[in-house]
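One structure is given below, encoded as structure tokens.
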Amino acid sequence: MTKATSGGIRRPPIARWFVIESVILVVVSLAFLLRGQVAGYSALLGGLIFLIPHGYFALKAFRYSGARSARQIMSSFYQGEAGKLILCAILFTMVFKWIQPLDVAALFLTFAIMLVTNWLTPLLAGSNTQQS
């Protein structure tokens with residue numbers, strides 16, 4: 001049986017996860033660069049469209065900790081998620097409006113790869129966020 005410790009639940013290692021996701025973005029962008037310059041920068045933009053809002057969410061969502069901050073935690077999660085969605089929409093709009101030529105397939109495929117990477121990053125990092 002697991003005992004509770006005075007520290008409670010640790011925060012996830014967000015900075016380490018962000019570094020892992022950034023490295024994967026660079027690798028994917030370099031792979032698309034082999035298809036051409038437009039595909040390379042389109043892939044990089046697709047990954048950044050994922051990473052920037054995700055970073056904003058992480059900053060907002062993990063500001064507070066502890067049982068006494070439950071309301072603040074919930075509020076910051078909702079604000080972070082809303083901000084993430086809005087930022088994502090704004091960044092996609094900016095890219096489609098201002099970046100020409102654009103490889104749309106590379107943009108969306110890299111965004112999807114980053115989404116899957118985000119789901120798998122805790123496994124790749126091999127970290128347990130709870131103390132035992």
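The figures here come from the full heavy-atom set of this structure, side chains too, leaving out hydrogens, waters and symmetry mates.
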Minimum heavy-atom distance between [X] and [Y], given as atom pair plus value:
{"X": "F32", "Y": "A43", "value": "CD1-CB, 3.5 Å"}
{"X": "A39", "Y": "A106", "value": "O-CB, 3.6 Å"}
{"X": "S22", "Y": "L51", "value": "OG-CD1, 3.8 Å"}

side-chain contact (heavy atoms from CB on, under 4.5 Å) between V104 and F96, worked out: CA-CA 9 Å; V104 177; F96 280 115; 3.9 Å; yes
Can you get from [X] to [Y] by hopping between Ile, Leu, Val, Met, Phe, Trp and Tyr side chains that sit under 4.5 Å apart?
{"X": "L91", "Y": "I99", "value": "yes"}
{"X": "F18", "Y": "V116", "value": "yes"}
{"X": "V23", "Y": "L120", "value": "no"}
{"X": "I52", "Y": "L25", "value": "yes"}
{"X": "L45", "Y": "L33", "value": "no"}

What's the spacing between [X] [atom1] and [Y] [atom2] if we round to 0.5 Å?
{"X": "R16", "Y": "E21", "atom1": "CZ", "atom2": "CD", "answer": "12.5 Å"}
{"X": "H54", "Y": "T117", "atom1": "NE2", "atom2": "OG1", "answer": "10.5 Å"}
{"X": "L48", "Y": "M114", "atom1": "CG", "atom2": "CE", "answer": "8.5 Å"}

Any donor-acceptor N/O pair, T110 side chain to L107 backbone, under 3.5 Å: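 Here the side-chain-to-backbone pair does not exist.
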Test item: S75 side-chain N/O and R71 main-chain N/O as donor-acceptor pair under 3.5 Å: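 No.
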Where at least one partner belongs to residues 36-49, residue pairs that pass side-chain hydrogen bond (donor to acceptor under 3.5 Å, both in side chains), sequence neighbours excluded: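 Applying side-chain hydrogen bond (donor to acceptor under 3.5 Å, both in side chains) to every pair that reaches into residues 36-49, excluding sequence neighbours, yields nothing.
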Side chains of R35 and D103 in contact at under 4.5 Å (non-hydrogen atoms):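 Counting from C-beta outward, R35 and D103 do come under 4.5 Å.
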Flag side-chain contact, heavy atom, 4.5 Å: I49 against V95: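 Touching, per the 4.5 Å side-chain cut-off.
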Test applied, ring pair (Phe, Tyr, Trp, His ring centres under 6.0 Å); reference residue, F92; option that passes from F50, W98, F111: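 Testing each of F50, W98, F111 against F92, the sole residue satisfying ring pair (Phe, Tyr, Trp, His ring centres under 6.0 Å) is F111.
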Check against side-chain contact (heavy atoms from CB on, under 4.5 Å), L102 and V38: CA-CA 6 Å; L102 185 67; V38 173; 5.5 Å; no
Salt bridge (charged side-chain N to carboxylate O under 4.0 Å, His left out) pairs, two or more places apart, involving residues 75-84: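 Residue pairs with at least one partner in residues 75-84: E81-K84.
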Hydrophobic cluster (4.5 angstrom, side-chain heavy atoms) - remaining members for L87: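 Taking Ile, Leu, Val, Met, Phe, Trp and Tyr as members, L87 shares its hydrophobic cluster with Y56.
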